[in-house]
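A quick write-up on the structure given underneath.
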Amino acid sequence: MRRGNWEEYQKSIADDNYYYARSCIRQNFFPGSEKAFLDIVANRLGRNIYDDPLHSSCTGIGYHSDIVPLDTIMAVVARQFALMNEAGYENLVSSCITSFGIYTEILSTWEEFPETEQRAAETLYKATGRTLVKPKNVAHTSDVIFHLRKQIAEQMTRPLINVRTGEPLRVVEHIGCHYAKIFPKKGIGGSEFPYVLAGMIESWGGEVVDYPERRHCCGFGFRNYLVQANRGYSVANSQKKLESMAPYRPDFIVCNCPGCAMFLDKWQYTIAEMEGTTYGQGGVGIPVLTYEEMAGLVLGYDPWQLGMQMHQVDVEPLLDKMGVEYDPATKYLGVNGKYIGKPEQAVVNGDCPSGFYSMLSL
Amino acid sequence: MKGRVVIVGGGVAGMQTALSLKALGIESLILEQSRQLGGKLTGWHLLFPTFTPAQDVVAPLIRAVRQSGIQTRFGCKVVSVDSRRVILDSGERIDAAAVVLCSGSTLFNAKIKEEYGYGIYDNVFTSADIEQMMNNGKVAMADGRTPERIAILHCVGSRDEKVCQRHCSKVCCITAVKQAIELKKLFPDADVFNFYMDMRMFGPGYEELYRRAQIEHNIHFVRGRISEASPLMDSRVQIKAEDTLTGRPLRMSVDMLVLMVGMRANDDNAFISSSSGAELAENGFFKPRNSFMDNVLSTKEGIFLVGTISSPKTVGQTLNEASAAAIRIAEYLRYGN
Amino acid sequence: MFYAHFCIPFIVGAVIMLLTLLYRYISWVVELPKGDKRLIAKGIFSTATLRSVWEIIRESLLHISIFRVNPLLGYMHCSLAFGWFLLIAVGWIETTVYMGAELVPLQGHVFFRYFATQIDTHIPIFDHIMDALLLFVLSGVALAWFKRLRSKALGMRRTTKHSVGDRIALSFLWFIFPARLVAESVTAAVYGGGGFLTAAVGGALQHTLSAGALEAIYEPVWWFYSAVLGGFFIAMPHSRYMHIFTEIPLIFLRNYRLRVTQSSTSYDNFQLQSCSRCGICIDACQLQSELGHNGVQSVYFLRDRRANRLTMPVAFDCLMCGKCQERCPVGIDLNALRLNSRATMRNLPNERRYGYFKGVDRSEGSGKVGYFAGCMTLLTPHTLTAMQTIFDAAGEEVWWADRNGGVCCGRPLRLSGETDSANKMVEYNIELFRRHGITTLVTSCPICLKTFREDYNLEGIELLHHSQYIERLIEQGRISLKHADNQSFTYHDPCELGRGSGIYEPPRSVIKAIGTLIEPKHHHRNSLCCGSSLANTIINDAEQLKISAALTLELEATGATTLVTACPLCKKALGRTTAQKIKDLSEIVASNLN
Amino acid sequence: MATNFGFSISKPRVIDMDANNLRKSDDILASMPQLQSCIGCGACTASCTAGNLTSFNFRKVHTLVRRGEYTGVYEELNKCMLCGKCRLLCPRGINTRAAVMTIKRTLGDF
């Protein structure tokens with residue numbers, strides 16, 4: 001991707017002592033990612049990070065679905081900040097892009113309308129007896145990895161290179177809308193040409209692919225996906241992106257937003273089942289990775305340890321390209337060695353359960 | 001009366017002011033920041049709506065200024081102005097009987113609208129780039145290919161709160177029509193699309209030119225602002241807009257995207273204003289004392305305004321203002337204000 | 001005795017021509033729709049036949065109509081047609097007188113001067129009569145030659161451009177009578193005799209040529225005459241001269257009440273082939289005189305249609321103002337033919353089209369009198385309010401069919417050739433009128449009026465243009481108007497109202513009830529078109545404006561203070577080009593009510 | 001049969017000028033360049049006899065045609081009664097009736 005104004009959009013990212021706020025979607029659909037993130041930051045890079053069992057959902061999904069009112073979410077956010085302060089931290093890092101957006105938005109609202117902050121502090125105090133102390137620094141966890149990308153590169157065992165051709169892997173990066181589209185100055189590289197994922201990819205040997213619909217939303221859209229009747233609209237957005245990127249033959253998609261990773265992955269399955277279309281090479285889908293998984297692979301983690309068997313689109317083609325050794329037999333064995341169940345065959349992974357599409361291709 | 005009339009800026013506004021003053025028997029001094037007279041018009045190719053070469057306006061003015069012995073100083077950056085003197089960045093103080101601000105305006109930096117990818121994608125150009133290319137005699141895509149489809153986007157850096165430019169730059173609509181025709185003449189097989197918010201064809205002959213562009217040159221006009229530009233594999237650009245007349249989003253790939261950059265107030269207007277006491281309007285341009293009777297007077301006595309220093313204007317309007325200002329200066333020098 | 005070898009070209013030509021004509025006429029008649037055949041059967045033994053014969057004499061021989069439009073041109077056509085007819089007729093009498101009851105073959109009559117040299121008897125008076133007739137025809141030929149060279153001298157701005165067939169036939173025709181003169185003169189020179197003309201020319205030849213030379217050219221000149229005649233006969237059915245004979249069956253068929261219909265029938269052939277390409281329609285056409293559009297006028301339209309190469313730009317570049325039809329000496333139904341050509345090109349039945357009419361009824365009020373404003377009148381609201389005022393003044397209970405928007409009358413679509421779709425509007429509107437139980441339907445739009453009259457079956461509902469309705473109100477004393485002589489008006493006849501519907505006097509009598517009426521240069525059936533006609537979809541806005549400006553000039557030249565018309569389209573068109581007051585008839589009535 | 005998830009994937013509403021075939025649109029504009037001079041004022045639609053009874057919008061329809069969107073246009077134009085009111089109102093002097101006929105002829109089954 002061509003660099004534009006990346007230098008102009010820089011933000012301060014704390015170097016150490018992070019208070020970790022988990023993501024609802026990520027811990028449910030990509031549980032290995034959060035675990036890997038904590039492990040990489042704490043054990044590989046030697047940073048202090050605190051995963052607080054007391055903290056809750058930010059209620060952002062509810063907020064964006066018009067279920068949770070502003071005052072409520074402000075109180076919830078105030079509680080997260082209070083917990084962070086109680087734990088002795090002042091650098092908040094959130095795993096979820098929507099949470100990051102919520103924190104930024106609310107801090108900004110408090111700044112613009114101080115009475116709202118006061119009200120939130122009062123509510124918090126009345127409800128929980130806690131005191132609101134705002135964080136010094138709010139960053140997304142992808143910002144942290146971006147910040148530490150060079151350090152990761154030093155420990156890298158498997159760069160983003162196609163071991164068969166020696167060429168850099170072609171990576172499509174997708175930035176969650178709430179990362180920088182709400183507050184461009186709060187994202188690395190701004191909203192038009194965000195650099196947060198591109199920086200990681202470049203540092204780890206891959207090649208970023210720019211394509212026309214790069215900025216487009218994955219289609220999550222909260223209400224749109226939550227209501228079954230509206231889901232076709234959500235899928236259409238992902239489809240638009242996939243159609244736009246397919247000619248560039250990307251090796252994988254990497255997202256910094258848990259929702260995006262989920263939808264770009266699962267809607268590929270849906271589209272394939274409904275229409276028989278796949279967008280990757282060789283009649284299969286394009287693997288979708290979280291940046292934690294990408295960092296984990298680069299650092300030599302076992303893909304099944306990273307939870308990559310949870311993906312809808314099989315990641316094996318990518319692992320083969322990267323030269324990652326993996327044991328197919330253990331793919332569906334949990335950490336305790338117990339069988340966790342195997343998904344049904346899917347068109348997106350090159351299977352034609354009903355033979356319908358293979359008939360079509362005749 | 002001590003000193004001469006000091007004219008800040010040696011573009012067409014400054015030159016015509018000096019010439020008009022000269023005709024009234026008043027001596028003036030032109031202070032020009034660059035190394036040559038002519039200002040922005042020097043880089044322009046043809047002028048709307050008559051396709052008159054810009055040189056046909058600039059060159060005679062420069063010649064007249066030289067011939068009439070009007071004193072001109074180059075490389076002068078003005079840092080402070082009041083109605084009696086002008087201070088340069090060298091610290092030099094120049095006494096003035098009156099000061100005329102003719103320092104014009106600044107072309108909007110298209111890079112700020114980064115969603116259009118100017119400076120990022122090879123085939124995104126500004127209107128000024130096109131004029132330059134026309135002057136150089138070679139208009140083409142970045143790799144030298146002949147464009148087959150060109151999009152021209154109006155209002156880049158005008159009427160846009162997002163970049164703090166609320167005003168209309170006035171001349172871009174007609175410039176876009178003019179450039180569309182020029183491009184169509186250069187590339188008869190190319191499709192030229194103009195994306196506009198409103199067509200503001202305010203001047204004599206403008207609407208007629210617009211009509212000719214549509215009917216004779218088959219230039220397409222789409223009402224809708226391009227929202228983003230993205231690269232395509234072959235270095236072409238994909239643009240998105242809404243065709244607001246059909247209420248449908250519209251997407252197309254183009255070989256060249258031309259951004260009609262607007263005029264914005266000079267950055268140094270702010271400190272010229274604070275040093276002189278001449279007030280600025282909300283949009284950062286100098287405020288005329290009265291929009292009807294005193295267009296060429298600033299709010300501060302002894303400081304006059306000519307050209308785009310006070311708002312976006314056409315060349316013709318600027319030249320008219322220069323003559324008008326000369327008369328008002330003569331009155332001022334004679335009777336005070 | 002009446003045979004010589006030189007007669008062969010003539011005989012062959014005459015036989016071919018007769019067979020061709022017979023074949024064509026018979027096949028056209030055979031292809032006629034049943035209804036038309038029934039009309040022929042009914043009419044053939046009626047006075048229509050006699051009327052037709054009289055008309056043939058007047059029009060096909062004497063060309064009275066052309067005389068009326070242009071006397072010189074009339075003389076030309078008359079001398080050629082009537083003169084030739086007399087030559088044949090008197091020639092027949094001459095041979096009969098000479099030969100008694102003896103059967104003389106055709107060539108005997110035609111080349112009698114050649115064969116007469118072998119007859120002993122000689123009746124000089126016939127020579128002189130025949131020479132006089134020849135001179136009569138030759139004067140027509142001379143005029144025709146002159147017209148070719150200088151059409152303007154004959155009062156025609158434009159003359160028809162000819163096809164190849166026309167040129168061949170014309171060349172033969174031009175030489176027939178000069179050749180006859182030469183042949184008869186040479187005969188006179190060799191054998192003596194001849195009338196005042198042939199004898200004189202023969203005498204001159206005798207002086208200039210030796211006897212041997214005369215002898216040598218004697219046979220060739222007769223050969224030439226025969227060849228020219230034969231050539232003309234062969235070329236004739238393939239040229240404009242086909243009209244000479246086709247006009248005759250046409251006159252019969254027309255008097256038997258056959259008509260050009262919405263879709264073309266075999267009867268159209270008689271109409272198409274009756275065009276003499278005289279070109280009178282070209283000068284009548286404002287598209288020609290104002291815009292310089294050539295090749296689209298009726299004569300060219302008919303030519304293209306005859307040749308099966310009619311294109312949309314020709315078929316649709318016509319205002320259908322009816323001026324050419326009004327002047328056509330043959331009386332061809334030009335507008336009807338053009339319309340059914342358009343229908344052939346564009347009529348596309350579509351069952352589902354206009355399904356949205358179902359249940360639409362935007363009418364309001366109730367009364368025995370219905371008022372149908374028409375689409376265009378909605379753009380001239382002054383007319384609407386004036387009509388309201390007039391209705392109120394007359395105490396009329398009115399049902400307003402379409403004041404809030406309704407369905408079009410269908411005429412614009414019909415004019416565009418979409419007959420089937422237009423008929424859907426007809427059906428809709430008839431049903432609407434019937435449902436509201438009106439007995440009188442008033443419209444202020446002549447376009448609507450014309451289609452109501454011609455294409456709607458509105459039995460029991462009286463159809464009135466608002467000019468007629470207002471005239472009636474005045475006559476019945478239901479409204480009274482202030483009259484002032486110093487109020488001067490000029491009136492523009494809308495094409496669809498005047499020539500289209502024959503309503504000329506009602507608007508004039510209404511105007512005269514209010515003030516003075518000054519007629520413009522062209523009025524009644526000669527009035528100009530405003531250019532806004534819905535029939536033309538080819539001309540652009542600027543061209544419409546030009547046509548309207550020319551009309552405005554004439555109207556303003558009357559010096560009248562107010563221009564009056566009775567059609568919303570005309571009013572709109574004139575309003576664009578005049579600085580004078582332009583009013584609909586209803587407006588001047590409403591503002592001059594007592 | 002394709003799997004049914006209880007919803008269908010929305011089709012894009014975008015006017016895709018790359019996918020659209022502009023040949024017919026070019027033909028129409030070549031035969032009547034004046035159509036290109038529309039300034040979208042909507043006078044035609046405001047006065048439209050058919051538009052009074054249906055959602056027919058000539059301004060929109062011909063704009064779509066000029067963008068190469070032909071689907072449904074013929075049927076839409078069939079709502080027009082060719083009455084010609086719009087022609088009297090068009091500030092750009094466009095021969096709207098001819099435009100309707102030309103577009104129909106180019107796109108339809110004439």
Side-chain angles (χ1 to χ4, degrees), chain A residues 211-213 215-221 223-244 246-247 263-264 266-279 285 312 343-349 351-361, chain D residues 1-30 35-40 42 45 51 54-79 103 106-109:
Chain A
Y211 63 104
E213 299 294 353
R215 298 171 179 93
H216 202 82
C217 171
C218 70
F220 188 139
R223 321 172 186 67
N224 292 304
Y225 118 84
L226 286 169
V227 180
Q228 189 188 36
N230 295 350
R231 230 162 259 171
Y233 176 56
S234 178
V235 182
N237 281 277
S238 282
Q239 190 172 33
K240 184 174 180 170
K241 285 187 73 74
L242 292 162
E243 275 174 2
S244 172
F263 282 106
L264 285 174
K266 306 236 179 297
W267 286 153
Q268 282 197 67
Y269 161 82
T270 307
I271 294 165
E273 294 297 319
M274 287 174 79
E275 298 184 346
T277 320
T278 54
Y279 296 96
Q312 196 80 58
E344 282 180 24
Q345 288 187 317
V347 179
V348 74
N349 291 324
D351 306 317
C352 295
S354 62
F356 174 70
Y357 293 112
S358 57
M359 274 169 67
L360 270 189
S361 65
Chain D
M1 197 45 229
T3 315
N4 181 4
F5 289 103
F7 61 89
S8 57
I9 302 174
S10 313
K11 290 298 153 218
R13 285 182 69 243
V14 72
I15 300 172
D16 189 340
M17 297 286 280
D18 298 333
N20 286 359
N21 184 345
L22 294 173
R23 194 182 54 76
K24 285 179 176 177
S25 157
D26 288 344
D27 287 351
I28 290 165
L29 287 175
L35 191 58
Q36 189 73 292
S37 75
C38 171
I39 49 176
T45 307
T54 67
S55 60
F56 175 59
N57 181 330
F58 179 61
R59 172 188 61 73
K60 201 164 161 178
V61 168
H62 83 70
T63 310
L64 283 170
V65 169
R66 286 189 289 140
R67 309 276 179 260
E69 293 279 327
Y70 312 125
T71 317
V73 163
Y74 182 83
E75 287 70 27
E76 200 60 22
L77 284 178
N78 257 347
K79 292 180 181 165
I103 296 172
T106 313
L107 303 184
D109 5 54

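Note on naming: letters A, B, ... go to the chains in the order of the sequence lines (proteins, then strands), and numbering restarts at 1 for each one.
Of all heavy-atom pairs between D/F7 and A/G232, the closest is CD1-N, 3.3 Å. The two residues D/S10 and A/A236 have their closest heavy-atom pair at O-CB, 3.2 Å.
Environment of NZ in D/K60: sparse, with no more than 12 heavy atoms of neighbouring residues, nucleotides or ligands closer than 6.0 Å. Counting non-hydrogen atoms of neighbouring residues, nucleotides and ligands closer than 6.0 angstrom, the OH atom of D/Y70 exceeds 12 such neighbours.
A/T270 touches chain D through backbone and side chain together, each having a heavy atom under 4.5 Å away. Both the backbone and the side chain of A/Q228 come within contact range of chain D, with heavy atoms under 4.5 Å apart.
Interatomic distance, CD1 of D/I9 versus CZ of A/R231, reported as 13.0 Å (0.5 Å rounding). Here CD of A/E275 is found 9.0 Å from OG of D/S8. Values are rounded to the nearest 0.5 Å.
Here D/R66 pairs with D/Q36, D/H62 under the side-chain hydrogen bond (donor to acceptor under 3.5 Å, both in side chains) rule; sequence neighbours left out. The side-chain hydrogen bond (donor to acceptor under 3.5 Å, both in side chains) search around D/E76 returns D/K79, not counting sequence neighbours.
You'll find the side chain of D/F5 stays beyond 4.5 Å of the side chain of A/V235, heavy atoms only.
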